[in-house]
Amino acid sequence: MTAVAEESNSFYQWGTQLAARGLPSPAPAGLLVGQRRGYQTRLLTKDGIEAEQAAPGLLDGVRSLAAALPGTELLPGTQSGPVPCVAEFVTTGDALALRAAGVRTLPVLLTTDAWVTVPEGGWPEWLATLPSKGRRDSVKQEVKAFAAAGYEITRVPLSESYEEAAGLLADTQKRYGHPYDLYVLGESFRRQSVAMGPRAEVLFCARPGERPVGFSLFYIHGDTLYVRAVGFDYERLVRGAAEYFNLVYYASVRIAQENGLRWIHPGIESPDAKALRGARLRPLWLLDLTEDSPLEGRDEEVRAHNAARLTSLGEISPAVAKALESDLFAPFC
């Protein structure tokens with residue numbers, strides 16, 4: 001959990017997210033439940049302990065901490081009384097567990113989370129899972145275009161490459177108008193390399209003798225390859241060479257096969273591009289755990305928003321409609 005006085009990432013600004021959906025929001029300073037980066041919040045439990053068993057104690061602890069924070073050095077200037085405590089990017093199962101533990105607000109649909117299944121046979125079998133023959137042919141063409149551009153992919157430990165990766169991520173942040181600090185990006189990657197050790201690796205995309213034009217940072221953990229950061233020097237990319245998809249998806253499928261992995265997790269957003277490459281789409285929710293939340297009693301509005309958003313997702317394309325795991329959306333839509 002993090003005491004948040006000010007948040008630069010709009011995805012983690014619960015006020016921004018709720019206002020964009022026409023819903024009331026708690027005050028912007030408070031307690032963020034779950035990690036502050038990564039767009040994935042899960043209840044962490046010991047082996048053999050289910051989320052439903054852990055959720056009541058967690059909820060009590062969160063609310064006690066929220067009551068103790070006002071006016072402290074962590075949240076100076078906040079008024080007396082408990083500060084808001086909000087969880088973002090929560091899975092359906094954990095949202096249900098927290099609701100059963102006593103949370104009275106309904107979760108708000110934030111975005112979709114993509115999971116790509118890697119069949120035992122690897123690349124050929126993965127190609128066969130794509131939505132259509134046309135899509136399979138498109139992927140083959142993207143692989144050929146990448147090779148024709150003369151690109152090679154190298155695999156390097158993050159501990160040896162975090163500064164170069166940070167520079168490419170800064171290029172992406174700059175392209176999309178997001179604020180960035182190159183030192184902060186590099187230090188974040190350095191700390192990740194220390195925490196994850198050899199499981200944190202980077203793929204670089206470059207032509208022989210040239211510096212990389214792109215990178216993809218991934219972790220292998222359990223049965224999953226997690227894609228955690230991607231960046232490109234867009235001015236140096238070759239038109240039509242599909243650098244992004246080759247680096248993030250097609251190379252990842254091959255690495256997953258080599259390591260006997262079952263899943264690739266490319267994360268949130270861009271549901272159409274991900275569905276067209278075999279991803280299943282699951283919901284992620286914002287859940288306000290505050291006892292006197294302004295969302296309490298607004299279930300009808302929240303459910304209407306969630307249902308409308310689900311409908312709009314299905315209308316993006318037939319591939320997206322097929323990829324949505326409807327049973328995970330249903331409890332709150």
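Note that these values count all heavy atoms, side chains included, but never hydrogens, waters or copies made by symmetry.
Residues passing the ring pair (Phe, Tyr, Trp, His ring centres under 6.0 Å) test with Y244: none are found, sequence neighbours excluded. For R99, the salt bridge (charged side-chain N to carboxylate O under 4.0 Å, His left out) criterion is met by no residue, not counting sequence neighbours. Scored by the side-chain contact (heavy atoms from CB on, under 4.5 Å) test, A166 finds L182, L185, F189 as partners (sequence neighbours excluded). Residues passing the salt bridge (charged side-chain N to carboxylate O under 4.0 Å, His left out) test with E120: none are found, sequence neighbours excluded. For the side-chain contact (heavy atoms from CB on, under 4.5 Å) test, residues two or more places apart in sequence or in another chain that qualify with E291 are R63. Taking the side-chain contact (heavy atoms from CB on, under 4.5 Å) definition, one finds that E50 meets it with E52, Q53, sequence neighbours left out. Listed by chain and residue number, F146 satisfy the ring pair (Phe, Tyr, Trp, His ring centres under 6.0 Å) test with Y151 (two or more places apart in sequence, or in another chain). Residues forming a side-chain contact (heavy atoms from CB on, under 4.5 Å) with P131 (at least two apart in sequence, or on another chain): R135, A319. Partners of R199 by salt bridge (charged side-chain N to carboxylate O under 4.0 Å, His left out), not counting sequence neighbours: none found.
Grouping the Ile, Leu, Val, Met, Phe, Trp and Tyr side chains by contacts below 4.5 angstrom, directly or via other members, places L281 apart from V227. Tracing side-chain contacts under 4.5 Å through hydrophobic residues (I, L, V, M, F, W, Y), one never reaches V230 starting from Y180; they form parts of separate clusters. L31 and Y12 end up in different hydrophobic clusters when Ile, Leu, Val, Met, Phe, Trp and Tyr side chains are linked at under 4.5 Å. Under the 4.5 Å side-chain heavy-atom criterion for grouping Ile, Leu, Val, Met, Phe, Trp and Tyr, F329 is connected to I316 within one hydrophobic cluster. A single hydrophobic cluster is seen to contain both V253 and L203, as judged by linkage of ILVMFWY side chains at heavy-atom distances under 4.5 Å, directly or through other members.
Here the closest non-hydrogen pair linking G81 and P70 is O-CG, 2.8 Å. A pairwise comparison of heavy atoms in S25 and G15 identifies OG-CA, 3.2 Å as the closest pair. Residues A323 and A275 approach most closely at CB-CB, 3.8 Å, considering heavy atoms. Of all the heavy atoms in A101 and L59, the pair that sits closest is O-CD2, 3.6 Å. Closest approach of L225 to A256, counting heavy atoms only: CD1-N, 4.4 Å. Across all non-hydrogen atoms, the minimal contact from G150 to P208 is O-CD, 3.3 Å.
The closest side-chain donor-acceptor pair between E142 and S138, if any, does not fall under 3.5 angstrom. Residues Q192 and Y219 have side chains that bring a donor and an acceptor to within less than 3.5 angstrom of each other. In this structure, a donor-acceptor pair under 3.5 Å is present between the side chains of D272 and S317. In this structure, a donor-acceptor pair under 3.5 Å is present between the side chains of Y250 and R277.
Using a 30° and 60° split on the angle between ring planes, W115 and Y226 fall in the perpendicular class, above 60°.
Taking the ring centre of W123 as origin, the terminal cationic atom of R254 falls inside the region bounded by 6.0 Å and 45° from the ring axis.
Under the 3.5 Å distance criterion, the side-chain polar atoms of T129 are left unmatched by any main-chain donor or acceptor of G278. In this structure, the side chain of K274 engages the main chain of I268 through a donor-acceptor pair within 3.5 Å. Side chain of R136 to main chain of L130: a donor-acceptor pair is present (N/O by atom type, distance under 3.5 Å, no hydrogens or angles). Side chain of T290 to backbone of C85: a donor-acceptor contact under 3.5 angstrom is found. Between the side chain of T41 and the main chain of E88, a donor-acceptor pair closer than 3.5 Å is present. In this structure, T311 contributes its side chain and A307 its backbone to a donor-acceptor pair below 3.5 Å. N259 contributes no side-chain N or O that, together with a main-chain N or O of L261, makes up a donor-acceptor pair within less than 3.5 Å. W14 contributes a side-chain N or O that, together with a main-chain N or O of A27, makes up a donor-acceptor pair within less than 3.5 Å. Remark: side-chain polar atoms of S64 are not paired, donor with acceptor, to backbone N or O of G61 under 3.5 angstrom. Checking side-chain atoms of S293 against main-chain N and O of L295 turns up a donor-acceptor pair under 3.5 Å.
Listed by first then second residue, pairs satisfying salt bridge (charged side-chain N to carboxylate O under 4.0 Å, His left out) with a partner in residues 20-44 read E7-R36, E7-R37, R42-D94, not counting sequence neighbours. Counting only residues at least two apart or in different chains, salt bridge (charged side-chain N to carboxylate O under 4.0 Å, His left out) contacts with residues 160-189 comprise E187-R190. Applying the ring-ring contact (aromatic ring centres under 6.0 Å, His included) test to every pair with at least one member in residues 282-308, sequence neighbours left out, gives these pairs: W285-F332.
Between D113 and H265, the closest side-chain pair of non-hydrogen atoms falls below 4.5 Å. Residues L313 and R309 meet the side-chain proximity criterion, which asks for heavy atoms closer than 4.5 Å. With contacts defined as side-chain heavy-atom distances shorter than 4.5 Å, the pair R211/D233 qualifies. Using a 4.5 Å cut-off on side-chain heavy atoms (C-beta onward), L96 and P331 make contact.
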Pair S161-F204, side chain to side chain contact (heavy atoms under 4.5 Å, CB included): steps then yes or no: CA-CA 9 Å; S161 57; F204 283 115; 3.5 Å; yes
N246 vs C205, side chain to side chain contact (heavy atoms under 4.5 Å, CB included): CA-CA, chis, key distance, verdict: CA-CA 9 Å; N246 276 276; C205 164; over 6 Å; no
Side chain to side chain contact (heavy atoms under 4.5 Å, CB included) between W126 and V118, intermediate numbers included: CA-CA 6 Å; W126 174 77; V118 182; 5.6 Å; no
Stepwise side chain to side chain contact (heavy atoms under 4.5 Å, CB included) check, L169 with F215: CA-CA 8 Å; L169 182 57; F215 87 98; 3.9 Å; yes
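Going from atom CD of E125 over to atom CD of Q257 covers 8.0 Å, rounded to the nearest 0.5 Å. To the nearest 0.5 Å, atoms CE (M1) and CG (L58) are separated by 6.5 Å. In this structure, the separation between OG on S252 and CH2 on W263 is 15.5 Å, given to the nearest 0.5 Å. Note that OG1 of T92 and CZ of R282 are 10.0 Å apart. Values are rounded to the nearest 0.5 Å. Within the model, atoms CG of L287 and CG of L110 stand 10.5 Å from one another, a figure rounded to the nearest 0.5 Å. Within the model, atoms CD of E210 and CZ of R236 stand 6.0 Å from one another, a figure rounded to the nearest 0.5 Å.
Less than 6.0 angstrom separates the ring centroid of F89 from the ring centroid of Y39.
No more than 12 heavy atoms of other residues, nucleotides or ligands lie within 6.0 Å of CZ in R191, so this atom counts as exposed by the packing criterion.
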